[in-house]
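Counting starts at 1 for both ligands and their atoms, following the listed order. Since this is a predicted model, take the numbers as computed values, not measurements. Residues: numbered from 1 along the sequence shown.
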Amino acid sequence: MAEKPWGGRFREETLKIVEAFTASIGFDKRMYRQDIAGSIAHAKMLSAVGVITPEESETLQSGLKKVLSAIEAGEVEFTEALEDIHMNVEKRLTDMVGAVGGKLHTGRSRNDQVALDLRLYLADEIPVVLDLLRGLCEVFATRGKTDAEKLLPGYTHLQRAQPVTFGHHWLAYYEMFSRDMERMVETLRRTKRSPLGAGALAGTPYPLDREMVASEVGFDAVMRNSLDAVSDRDFALELLFNGSVIMTHLSRLSEELVLWSSQEYGFIRLSDGFCTGSSIMPQKKNPDVPELLRGKVGRVHGNMIALLTTLKSLPLAYNKDMQEDKEPVFDTLDTIKGSLAITIEMVRSLSLNPERARAALDAGFVNATDLADYLAKKGLPFREAHEVVGKAVAYCEDRGIALEGLTLEELKGFSKIIEADIFEVLPVEASVAARKAIGGPAPENVKREADMALERLESLWPRRG
Ligand code: ARG
């Protein structure tokens, strides 16, 4: 074998700066385990269909296992001269087992090999992300139940709107992250299809058993077109999109935690372990973790745009451009795993400040809609009821009191149909308790939904290990 596996037709050496520019070993070495697993499956299959002898296959397989141990023991020094993980592994194998190592690449190209490796890598990593998403959903469902009665002003336009509860708010996030789980499960299903056997682009003339390789690596199916198998990276795009949605969800949560833990709101306290101080202002406790989570959205969204742009307009089949697929994927995986892990602990450990939330509720006319609904139920058209309550709010605002601070006489001054039973409607507890259609914030609802949410997780993504 020439110094480079593809060196046969070359008369001059590759320039060093070209080697450095075109090499991917610096980042694709992460896929060494997947690369070796794919090669072992390929070697097994080659002898099963009679392309190599069982002895040759045995030599290749045991050699590959030794390469794996050597890499894990830190004994293998990867080199840019060998470009990528595929050629680094193959060279090491050949050094170990001799010329028979050169038979491993029969009926295979790096083009189908790299597509398989990346799919295998995602098939290993997506379950880890799913475990974390599940863990976060568990925290939201658990807090949903314990905080089901803890009142909280709900906002629209960041203006106090109607009363809800912390529990109800947590379950909103449960819903978002459980949909993120659904998306990841779907992506995993499409990822687990084997491209091996597509060769460089046009298949191979050997009687390969592609289905055998697929099942050897734990995949469910083979890709049905050799050009597509080596060309598309839509499974990676899906991962990048799913990751982007996860980060968008995390950023909205983070923004709320930053606001709620500020002195202006004071609804929650983040535990000290999640905050840092200021080197100059001794009183400061800064919510660095949710801020950084919010900030990390940028790179994850950027990774998605990066790969979409790289793939745009590429002619079939493989082009070297596609080597740019890996770093965005690795960075997104690292970022979402780290972000989810820290969010689980942060949400679990934060404590509520129900008095501050209560004070905001009492000052916010958040029961104005309840008064309007009361009038509408007594027959007043809702638009008129809205007008009546608007006047009552303005009257209260001038006097610095709440709607429930008005006497029955004062209330009757706005509408004669108001009776003493209005005082059962106006408390925020009553407002929340009355909203018990599916999806509403009534504590009994929220507790029931929280139980169902916990149960639902098992069918979304069963607990492993
Ligand atoms: N390092 C390459 C990549 O990551 C592997 C495939 C190379 N194929 C080729 N024909 N140059 O995409």
Side-chain angles (χ1 to χ4, degrees), residues 1-10 13-39 41-42 67 71 76 78-94 102 104-125 191 194-204 213 217 223 226-237 239-240 303 306-333:
M1 195 196 265
E3 177 57 28
K4 297 224 191 290
W6 41 254
R9 58 104 70 219
F10 285 78
E13 299 248 310
T14 318
L15 292 176
K16 280 278 172 273
I17 58 164
V18 172
E19 267 182 13
F21 188 70
T22 55
S24 55
I25 186 64
F27 47 88
D28 67 14
K29 61 183 175 206
R30 276 200 197 218
M31 306 193 302
Y32 71 88
R33 234 181 284 118
Q34 291 75 18
D35 190 72
I36 291 172
S39 288
H42 184 64
V67 175
I71 294 174
V76 176
F78 295 121
T79 154
E80 273 184 358
L82 289 165
E83 232 177 285
D84 53 30
I85 187 62
H86 326 296
M87 296 202 292
N88 271 276
V89 168
E90 193 183 324
K91 176 73 164 50
R92 180 79 185 195
L93 174 71
T94 308
L104 175 63
H105 215 48
T106 316
R108 189 175 70 170
S109 153
R110 276 186 297 153
N111 296 351
D112 55 353
Q113 188 180 2
V114 72
L116 176 69
D117 288 6
L118 192 58
R119 284 173 180 272
L120 284 171
Y121 190 83
L122 290 197
D124 286 339
E125 288 287 304
T191 298
S194 173
L196 215 67
L201 74 162
T204 74
V213 175
V217 297
M223 299 190 69
S226 65
L227 292 166
D228 172 54
V230 293
S231 294
D232 212 346
R233 293 290 185 269
D234 50 3
F235 64 100
L237 289 173
L239 183 274
L240 296 177
N303 288 336
L307 186 56
L308 277 169
T309 310
T310 291
L311 293 175
K312 180 194 170 294
S313 311
L314 279 188
L316 305 188
Y318 181 85
N319 301 273
K320 185 74 168 176
D321 316 43
M322 287 160 66
Q323 180 166 290
E324 288 289 309
D325 59 358
K326 286 170 245 350
E327 286 163 293
V329 165
F330 297 157
D331 184 68
T332 284
L333 281 169

Please determine whether any non-hydrogen atom of Lys326 lies less than 4.0 Å from an atom of ligand 1. yes
Around Glu19, counting heavy atoms of other residues, nucleotides and ligands shown, do more than 12 lie under 6.0 Å from its CD? yes
Of the protein's non-hydrogen atoms, which lies at the shortest distance from atom 12 (O) of ligand 1, and what is that distance? Tyr318 OH, 2.4 Å
Nearest 0.5 angstrom please: Leu104 CG to Thr94 OG1, how far? 8.0 Å
Answer yes or no: are there more than 12 heavy-atom neighbours, outside Lys312 itself, under 6.0 Å from its atom NZ? no
For atom 2 (C) of ligand 1, what's the nearest protein heavy atom and its distance? Gln323 OE1, 3.3 Å
For ligand 1, indicate whether the residue His86 contacts it via side chain, backbone, both or neither (heavy-atom separation under 4.0 Å). side chain
Please find the pair of heavy atoms, one from Ala198 and one from Asp112, that lie closest to each other, and give the distance. N-OD2, 3.4 Å
Rounded to the nearest 0.5 Å, what's the gap from CZ on Phe78 to NZ on Lys91? Could you check? 13.5 Å
Name the closest protein heavy atom to atom 8 (N) of ligand 1, giving the residue it belongs to and the distance to 0.1 Å. Asn111 OD1, 2.9 Å
Glu90 side chain reached by Ser39 side chain, heavy atoms, under 4.5 Å: no
Checking a contact table here: which protein heavy atom is nearest atom 11 (N) of ligand 1, and how many Å away? Arg110 NH2, 3.5 Å
List the closest protein heavy-atom neighbour of atom 5 (C) of ligand 1: residue, atom name, distance to the nearest 0.1 Å. Asp84 OD2, 3.5 Å
Could an N or O of ligand 1 be found under 3.5 Å from any N or O of Ser24, whether backbone or side chain? yes
